[in-house]
Amino acid sequence: YAPKSDQNAKSYSDGNKPVIIGGAAVEYYKKSRVGLLSYVVLRDEFRGCGLARYLHEEALSRLENLANVYGASFQKERNRQSESTTLLQAVFAETNTAEAG
């Protein structure tokens, strides 16, 4: 993906060093078996390129992994693990816009 202008693309090249252009933050709550997608952020120049969709999908994948690791061990400690136990029951998201600050 390229930013909105080629001139900006050059500013993100730092030799062989990777440059962070965005990210996502998630939290898993093992007692309630829910996840929270707290943040999806992108540099302004990379908005509108479809990257947030991939960050969102990866965040959900990471939440599922967290649930499988920490939720399963928590359920096992409580002797409640069964094949029908859903370790990630829901995902909540905080929403905002870049303009809101």
Side-chain angles (χ1 to χ4, degrees):
Y1 294 95
K4 293 176 183 171
S5 77
D6 289 336
Q7 186 177 21
N8 287 337
K10 293 175 186 169
S11 68
Y12 291 100
S13 176
D14 191 12
N16 292 330
K17 218 166 143 183
V19 176
I20 297 172
I21 60 169
V26 297
E27 301 167 36
Y28 176 67
Y29 298 93
K30 60 186 177 183
K31 286 184 181 181
S32 55
R33 297 179 305 190
V34 299
L36 172 65
L37 175 55
S38 306
Y39 298 98
V40 174
V41 295
L42 284 168
R43 288 185 186 241
D44 288 338
E45 303 86 77
F46 290 88
R47 292 173 192 243
C49 298
L51 292 174
R53 175 181 58 231
Y54 294 105
L55 288 172
H56 181 263
E57 289 172 3
E58 184 61 27
L60 294 179
S61 175
R62 298 291 173 107
L63 275 172
E64 288 175 354
N65 288 340
L66 288 169
N68 288 332
V69 172
Y70 297 105
S73 64
F74 180 74
Q75 294 298 322
K76 197 177 219 179
E77 289 171 13
R78 304 279 187 266
N79 293 324
R80 289 191 232 157
Q81 188 171 12
S82 72
E83 301 219 358
S84 64
T85 302
T86 303
L87 297 174
L88 185 59
Q89 295 187 108
V91 177
F92 299 94
E94 295 179 25
T95 60
N96 213 328
T97 62
E99 293 79 27

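Distance check, rounded to the nearest 0.5 Å: CG of Leu55 to CG of Leu37 gives 9.5 Å. Here Leu63 contributes atom CG and Phe92 contributes atom CZ; the two are 11.5 Å apart, rounded to the nearest 0.5 Å. For the atom pair CG of Leu36 and CD of Glu94, the computed distance is 5.0 Å after rounding to the nearest 0.5 Å. Taken from OG1 in Thr86 to CD in Gln89, the straight-line distance is 6.5 Å, to the nearest 0.5 Å.
Identified under the salt bridge (Lys or Arg N to Asp or Glu O under 4.0 Å) test for residues 61-73, with sequence neighbours left out: Glu58-Arg62.
In the hydrophobic cluster analysis, where Ile, Leu, Val, Met, Phe, Trp and Tyr join through side-chain heavy atoms closer than 4.5 angstrom, Leu51 is grouped together with Val26.
For Tyr39, the side chain to side chain contact (heavy atoms under 4.5 Å, CB included) partners at least two apart in sequence or on another chain are Ala25, Val41. By the side-chain hydrogen bond (donor to acceptor under 3.5 Å, both in side chains) test, Ser61 is found to be paired with no residue, residues two or more places apart in sequence or in another chain being considered.
Minimum heavy-atom separation, Leu42 to Ala52: CD1-N, 3.8 Å. Residues Tyr28 and Leu87 share a closest heavy-atom pair of OH-O, 2.6 Å.
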**Message:** Run Leu66 and Leu88 through side chain to side chain contact (heavy atoms under 4.5 Å, CB included) and show every step you take.
**Reply:** CA-CA 9 Å; Leu66 288 169; Leu88 185 59; over 6 Å; no
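A side-chain donor-acceptor contact under 3.5 Å links Arg43 to the backbone of Ile20.
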